[in-house]
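Below, chain A is the first sequence line, B the second, and so on; all start at residue 1.
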Amino acid sequence: MSSKVASMRDAIADLVRDGDTVAIEGFTHLISFAAGHEIIRQRKRDLTLARLTPDVVYDQMVAAGVARKLIFSWLGNPGVGGLGAIRRVTEGPLPALELEEYSHFGMVARYTAGAANLPFFPIRSYFETDLPSANPLIRPVESPYGDGVVYAVPPLKPDVTVVHAQRASAVGDTQVWGLLGCQKEAAFAADRVIVVVEELVADEVVRADPNRTIIPGLIVDAVVVEPWGAHPSYVQGAYDRDNRFYLDWDPISRSAEATEAWLREWVRELDDRAAYVEKLGPERVSSLRPGRAPSGVVDYGVYR
Amino acid sequence: MSSKVASMRDAIADLVRDGDTVAIEGFTHLISFAAGHEIIRQRKRDLTLARLTPDVVYDQMVAAGVARKLIFSWLGNPGVGGLGAIRRVTEGPLPALELEEYSHFGMVARYTAGAANLPFFPIRSYFETDLPSANPLIRPVESPYGDGVVYAVPPLKPDVTVVHAQRASAVGDTQVWGLLGCQKEAAFAADRVIVVVEELVADEVVRADPNRTIIPGLIVDAVVVEPWGAHPSYVQGAYDRDNRFYLDWDPISRSAEATEAWLREWVRELDDRAAYVEKLGPERVSSLRPGRAPSGVVDYGVYR
Amino acid sequence: MTAAFSESEMMIVAAARELAGQRVCFVGVGLPNIAVNLAKRTVSPEMELVYEAGVFGARPARLPLSIGDPTIVTGATAVTSMFELFAFYLQGGLIDVGFLGAAQIDRFGNINTTVIGEYATPRTRLPGSGGACEIAINARQVFVIMRQSARSFVERIDFRTSPGNLGGAENAARIRREQGWLGRGPSVVVTDLGIWHFDEAGEMRLDSLHPGATVERVRETIGWEPKMAPDPATTPAPTDEELRLIRVELDPEGTYTA
Amino acid sequence: MTAAFSESEMMIVAAARELAGQRVCFVGVGLPNIAVNLAKRTVSPEMELVYEAGVFGARPARLPLSIGDPTIVTGATAVTSMFELFAFYLQGGLIDVGFLGAAQIDRFGNINTTVIGEYATPRTRLPGSGGACEIAINARQVFVIMRQSARSFVERIDFRTSPGNLGGAENAARIRREQGWLGRGPSVVVTDLGIWHFDEAGEMRLDSLHPGATVERVRETIGWEPKMAPDPATTPAPTDEELRLIRVELDPEGTYTA
């Protein structure tokens, strides 16, 4: 296979189209803010944004006007509070952003059904809650074994899934450690996949530890090498979550003007992630470096 | 938590009861022949044996008279041929062993439903085949989204699942690399779990690489330390599959007498796995050692 | 002599103490996170912490702000996909206590974390379920930690995100049995004023008042006529060690206790 | 000059050549295993090998006797749970060719690997489906490799384990469409005597005879009146290199070619 390495600009330009359903996944860990910012810079429109936890990245994207709809299960700034931009367009008499809402397991099950080409996925959630009446896509299904009813969620097949990872080969074989979230399921469910990595590695590095591979190059369309592309989210072993950023976002996002100013300064007026990291500054960057905690080595054995 | 380390004799005596459904899982890799042999030695009765690929271990157990039923998806000696003992009790006008038959994905889905406490699991298999008429537990279920029908399989919840692994801590936190099969699903689905390991390791070894853990001690009842307990199956990085054994088994299993003689010599007259390994001999053992193929190290980072 | 302490600190300490003897706890975002981490350092050092992010047996070296922090991964027993965490650990019945926060709760422990006002045109858009709906249905028991106010302890919640004792204990027991739920529902609600358990009717009952809290304040901060134990206990004040853990180790910047 | 070769060797070589240009191949146990490994060393070095055991991108350093051999793991691109392999790779539609063996096949490529005789009281108990039923339904196309005989190429198979073109192409296309199957069904059957493709009616048609094989032997080893191309080609004999690979590298003990 030939190399799929591309710039973020080209990857987003080629693979994300107006009106697409886009999933930038990653549960706290490995959230591709870099992809979100490039989508903002390229002024994509009418996107349906899927994510368990829309988080600050979707707050920024909604503020920038790229989205018409969210598909999600938890809408907030974890441990801090609300997401100001999203609240402004979802509260009050005339909400301007469509919401399609599940629980975490419901979202994970949707991606799983999408990845597995199943027409639905059954889960034991939602009984005696108001969620099925808020979202008519949550439907009861009867067990064929006469032991009652469970709820089903429909498959979710994003047009594009973006996954940030510790490392990948040039053809897109991708490895992750630490929290796995549902990136694997979201990638297999998608029509197109963009992988963003801290480090491009030789094929042999991947093949030395095949159990760590979560996504094969087979389903990957572009590999973007973008160190610090997940900041203020984090990359296990590479950098810490920038909690200060999440706390600072709260007052910014409460004001439409402050949010727009932030987007101008940190997204629109910067060319790319490298410029963002430079602007962040070496002190902030180095303060986020963790100490070392090596995994140890296992032996796969040579069998000839 | 206190140590769960036990001898194989005690683990089988305490945890496997006559009439139980027992799953000794492992797809080619990590099959606990040691547990199967101890079950034979203890003359357990009326077991329902579940396994995707009954393999030589269940041929031996059926020959020894411990089983009344098989739940399976592929019945053979991989790459070699049939399983003589099982064929003797399943062919002809009066089969003496009950069979409940699925496909591989059906079996995996059954364990998954069992582990996830789901009343059924939907898959796209079985259409236009004779399997649903051969097994009335394979049933159609209609998608609640109006897009047709898929087949369902029911949950499988073994009374006991036995998993062989490279290593575990004394409380049963278990790590595997190489083929994963469906051991995780079979273990989570089970009421009781026996883990058999090549090596007992300190808690810190497990915690240094939490992504490799497939089974938490939480669901483990006994940890048996039994190096070479998977022979003639194999353990990635530790020893090779003993293909010669699988080839040699074919003529043995074709004869009831030869099979009984083998069981006497290699199972009933031996006290335990250590005696089996000694009888196997150092030459056979060392011929199965692979060369080294180290995985490399990843960094989890220290976050204080 | 015990140091002065805030109502938030008392609430966190009381919640942590309720976890004594529990084995496997599913840790929710926000206040549950600090309460569970305090319990792990005091009454329940052996308790296994489960995070919906996909971690079993976490040993956080610091208090994570989010429940997906890298400190819950390093040194944990197992990291799993979220599918596996929700399917095998939670829905599979391995969680003893699910620990939740809430925006609104009713007398039967039914919880709203979705919207204030109408669903389609909310006055306040809250986070939604996250894993709460699953925790409420599948964990063996549910603990809740939240501040009391007339807006949060309400006669009727605006949206039922996570079921509690539904319309009462009898109703809840029947539905849980019929639908094969593994959980027994809510068992304790710890607030800034006191500790509530659930009585035989499935209703919240005030069993303990925190030091300084009064029955009058409890009544003012609740939207129904509350049941109270005949002679509510007084929650023992936080110990110096509990306060030190909160102030020095867990929340030095006062994020949870402000 | 070409060395002498056996019918089994010719069959394996012909099957391997059919894989030219294929990208992702799901490798079945037995003869498919050696044919695919030969193709990987000759016509399709870039082809990704998928094993139902949970391996994508295998680079076996030796021919695995079983399809769960450790040599398919070391140096592979990815090792997955079997759930993931069957759900995401196979049912998800990522497999271009599923390569199967069979005990019985009919003119429409429907396959039996379950029993000879009645299901409940079989004359011969065969292995059963394994992953074959899933491969037949979900792989984009299906290749079959098996020896011809009057007992294996039959008018009516005793048990349909894996669907082929069902009652014919029209019937199969309708059912595949209605049920949302991703696969197009069987596309080639390679035997010890020749190469069969499927015609517009969905029936097997002999397109190539192996060197030394005759139309008469083909008719003797088949349970129906076979369709044949007007002028069947002659399969090019195995090259020295193909034979060397089989005899020296892949199957030095003659397990597959005996």
Quiz item: Do Q166(B) and D299(A) have side-chain heavy atoms sitting under 4.5 Å apart?
Solution: no
Quiz item: Does some side-chain heavy atom of D147(B) sit less than 4.5 Å from a side-chain heavy atom of F120(A)?
Solution: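 F120(A) vs D147(B): side chains apart.
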Practice problem: Without swapping roles, check the side chain of R139(B) against the backbone of P144(A) for a donor-acceptor pair under 3.5 Å. | Solution: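 Yes, because the side chain of R139(B) sits within donor-acceptor range (under 3.5 Å) of the backbone of P144(A).
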Quiz item: Side chain of R124(A), backbone of N117(B): donor and acceptor closer than 3.5 Å?
Solution: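 Yes, the answer is positive, given that a donor and an acceptor are paired below the 3.5 Å cut-off.
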Closest approach of [X] and [Y], non-hydrogen atoms and distance?
{"X": "E142(A)", "Y": "V141(B)", "value": "O-CG2, 4.0 Å"}
{"X": "Y303(A)", "Y": "A238(B)", "value": "OH-N, 3.9 Å"}
{"X": "S295(A)", "Y": "Y300(B)", "value": "CB-CE1, 3.9 Å"}

Quiz prompt | Spatial distance of atom CG (L137(B)) from atom OH (Y145(A)) [nearest 0.5 Å] | solution =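 One finds 6.0 Å between CG of L137(B) and OH of Y145(A).
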With a 4.5 angstrom heavy-atom cut-off, which part of [X] approaches chain A: side chain, backbone, both or neither?
{"X": "P122(B)", "answer": "both"}
{"X": "Y239(B)", "answer": "backbone"}
{"X": "N211(B)", "answer": "side chain"}
{"X": "R207(B)", "answer": "neither"}
{"X": "L179(B)", "answer": "neither"}
{"X": "R304(B)", "answer": "neither"}

Tell me, side chain or backbone of [X] under 4.5 Å from chain B's heavy atoms, or both, or neither?
{"X": "V297(A)", "result": "both"}
{"X": "P210(A)", "result": "neither"}
{"X": "R241(A)", "result": "neither"}

Quiz item: What residue in P140(A), A113(A), G296(A), G148(A) has the most heavy-atom pairs under 4.5 Å with chain B?
Solution: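 Answer, by heavy-atom pair count under 4.5 Å with chain B: G296(A).
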Quiz prompt | Residue selection (most heavy-atom pairs with chain B, distance under 4.5 Å) from Q236(A), Q175(A), R167(A) | solution = Q236(A)
At a heavy-atom distance under 4.5 Å, which candidate from [options] has the highest pair count against chain A?
{"options": "P294(B), A116(B), P154(B)", "value": "P154(B)"}
{"options": "V298(B), V302(B), L118(B)", "value": "V298(B)"}
{"options": "G178(B), S143(B), A293(B)", "value": "A293(B)"}

